[in-house]
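Below is one structure, written out as C-alpha cells; the observations come after it.
Small disclaimer: the values here were computed from a predicted structure and weren't measured.
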Amino acid sequence: MRNNVRYYRLYKGVSQRWLAQKARCSHSTLGAIERGESAPNVYLAMRIARALGAPVEERWRENHDR
C-alpha cells in the first residue's frame with residue numbers, strides 16, 4: 001500500500017505539526033505514518049484526508065505497479 005500523506009502535506013505547504021493538530025493526533029504518530037512505519041486506523045485516515053482536502057482514497061491506495 002502506498003502512502004501519499006507526506007507528498008500531499010508538502011504539496012499543501014503545511015507542517016507535520018499543523019496536520020497532526022487538524023487530524024487530532026501527535027506529530028510523532030503522523031511522522032510514523034508518513035514513513036510507513038505505522039498505518040492509521042480508518043478514523044484517523046479520514047481526519048488526515050479531510051485536513052488535506054481530498055478523499056481518503058487518494059491518500060492510501062493500492063500500488064499495482066509490478
Do other residues, nucleotides or ligands put more than 12 heavy atoms under 6.0 Å from Arg47 CZ? yes
What distance do Leu52 atom CG and Lys12 atom NZ have between them, rounded to the nearest 0.5 Å? 7.0 Å
Between atom NZ of Lys22 and atom CZ of Arg50, what is the distance when rounded to the nearest 0.5 Å? 12.5 Å
For the CG atom of Asn4 and the CD1 atom of Ile48, what is their distance to the nearest 0.5 Å? 12.0 Å
Could you tell me the separation between the OG1 atom of Thr29 and the CZ atom of Arg24, rounded to the nearest 0.5 Å? 13.5 Å
Parallel, tilted or perpendicular: rings of Tyr11 and Tyr7 (30°, 60°): parallel
Looking at Val5, is its backbone amide N or carbonyl O close enough to the side chain of Arg9 to form a donor-acceptor pair, meaning the two atoms are under 3.5 Å apart? no
On a heavy-atom basis, which atom in Pro40 and which in Ile33 lie closest, and how many Å separate them? CB-CD1, 3.8 Å
To the closest 0.5 Å, what do you measure between CD (Gln21) and OG (Ser26)? 12.5 Å
I need the minimum non-hydrogen distance between Ala23 and Leu44, along with the two atoms involved. O-CD1, 3.6 Å
